[in-house]
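The chain is numbered in sequence order, starting from 1.
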Amino acid sequence: MDPRSTTGAATEPASFRDPASTVFYLNGRVLRGLSKQGAADYEALAATRFFPRAVEAGQIVGTRALPEEDLPAAAAGSSWATVLEHDRVPVISYPYEWTFSMLKAAALLHLDLLQQGLAEGQTMKDGYAYNLQFVGSRPLFIDVGSFEPARPGEPWAGYRQFCQTFLYPLLLTAHKGVRFQPWLRGAVQGISPGDIRPLFTGFDIFKRGVLKHVVLHQAMDARFSKSRASDTRQELKQAGFSTELQAATVKAIHKLVAGLRWKASESAWSDYQRTSTYSDDEKVRKQAFVRKSVAAGPVRLCYDLGANDGTYSRVAAEHAEYVVAADSDDLTVDLLFQALAKEGSGRILPITLDLCDPSPGLGWRGRERAAFFDRDRPDVVLALALIHHLAITGNVPLPELVDWWAGLGGRLVVEFVDPQDPMADRLLANKPAGMHGDYRRPVFERLLEERFEVLNREELPSGTRVLYHAVPKASRA
């Protein structure tokens, strides 16, 4: 069952990892069932000063305990000691779809909350990047079940997970210029100390954070690999490890993460709006077409596929409740995130996504982290200045593209870029002659009209670009 469904009940596929705290979805609501121990931990958390402040500030997901008389029928009489209800996150995204600045912002929020918790006797049982989401450009901590009372003499249990899913990916990009997204997508549990250690050689060990959190961590990991966790905790306790030392460690990691920088300066698409072939008049016409098309009906969710710097995502957000701005260029998306964060935007979610190789289902049975296009259903899809990249560079046949768009189920605003257009011509020049002979406007329009009812179209003055607003025929029946 689709966990985003508004009818029926479904357990969050990744929730089995914490038996004390089970998340499930019921009639569009997000609920969390707590065991007796989980309920006691939540009561302790709710009694702190920082927790309600963080919820009010939008740092922790809106959470409320449901009185027994308000429990839905599916939860009434269950074995859970307490049932919580959470505010729904508009669209789920995962760390392998975030940019450097997004992962850094999420890491800093995680550490901020941990520091506040430690000051009131709370800690976190894990340090998983998947415990956070984004609402627009704002990071949000969603796993309230992660908090538990701190036990004197014990280290932060989530340190290893934090390194594997936050710190190591950030170090990899900041110090080596290597994209972390494929690494996180390749291993849901993140990058292990043993995997990252060989990448830092020579003078690399003197770069910020490497010696302590990579080299020494890997050495300690190897030393204690056959030890029981309880024995390791006892050794640390006997060595005098304290809650104060844990707080000092978290403070130092916060300072380290805050100082990390991605040194990328430009990419092939980071300056597209200035270097594109559109005239000023065409830009105005295109924006007007998109604005009118999106406004033609109610829009809860819009996907802007190939969003670049988010120009048309912003236009769509004038009428859509929420917009996902997806692009494969990390730097362009990162710059968009930084701009949205400065504005405090909560309605546009920027993500990095290769449309020819989008995020698949990952984790246990491929269900823990759902494939991107299985997570929700858009009301409108923008595919602007995109088709030539997918069809020519990606070698995706036009029938496949039209079938894919129809399968998404929403209205489509698409731009066909003629082979004579300078951008398309440049791409075709790198292909064998005749390889894309069917990449022509009449072919595309025939395919489009087979699956969609075209509501409106407009040819831009250049004569090489045409905009279409269409709705899948099945949805008009």
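A ring-centre distance under 6.0 Å is found for Phe24 and Trp80. Aromatic rings from Tyr312 and Phe289 are positioned such that their centres are separated by 6.0 Å or more. For Tyr168 and Trp183, the ring centers sit 6.0 Å or farther from each other. In this structure, the ring of Tyr128 has its center no less than 6.0 angstrom from the ring center of His110.
With respect to Arg32 and Glu12, no salt bridge is recorded, no charged nitrogen being found less than 4.0 Å from a carboxylate O. The existence of a salt bridge linking Arg446 and Glu450 is confirmed by a sub-4.0 Å separation between a basic side-chain nitrogen and an acidic carboxylate oxygen. Using a 4.0 Å cut-off between charged side-chain N and carboxylate O, Arg440 and Asp418 make no salt bridge.
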task = Could you walk me through whether Tyr94 and Gln133 pass the side-chain hydrogen bond (donor to acceptor under 3.5 Å, both in side chains) test, one step at a time?
result = CA-CA 7 Å; Tyr94 295 125; Gln133 284 294 322; 5.7 Å; no
request  = Evaluate salt bridge (charged side-chain N to carboxylate O under 4.0 Å, His left out) for Arg185 paired with Asp357, printing each intermediate quantity in order.
outcome  = CA-CA 12 Å; Arg185 178 169 146 171; Asp357 185 21; 2.7 Å; yes
task = Give the intermediate values and the outcome of salt bridge (charged side-chain N to carboxylate O under 4.0 Å, His left out) for residues Arg441 and Glu445.
result = CA-CA 6 Å; Arg441 178 176 170 182; Glu445 290 190 340; 3.0 Å; yes
Intermediate values then yes/no, salt bridge (charged side-chain N to carboxylate O under 4.0 Å, His left out), Glu343 and Arg138 = CA-CA 11 Å; Glu343 299 165 13; Arg138 172 172 56 87; over 6 Å; no
query = Should Glu415 and Ile387 be marked as a side-chain contact (heavy atoms from CB on, under 4.5 Å) after you check the CA-CA gap, both sets of side-chain angles, and the distance that decides it?
reply = CA-CA 7 Å; Glu415 178 178 10; Ile387 191 170; over 6 Å; no
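Within the model, atoms CD of Gln161 and CH2 of Trp156 stand 9.0 Å from one another, a figure rounded to the nearest 0.5 Å. How far CG of Asp41 is from CZ of Phe147: 11.5 Å, rounded to the nearest 0.5 Å.
Each ring-ring contact (aromatic ring centres under 6.0 Å, His included) pair with one or both residues in residues 317-352, not counting sequence neighbours, appears once here: Phe134-Phe337.
Residues satisfying the salt bridge (charged side-chain N to carboxylate O under 4.0 Å, His left out) test with Asp403, not counting sequence neighbours, are Arg451. With sequence neighbours excluded, no residue satisfies side-chain hydrogen bond (donor to acceptor under 3.5 Å, both in side chains) with Glu321.
The side-chain tip of Arg465 does not point at the ring of Phe416 from less than 6.0 angstrom away and within 45° of straight on.
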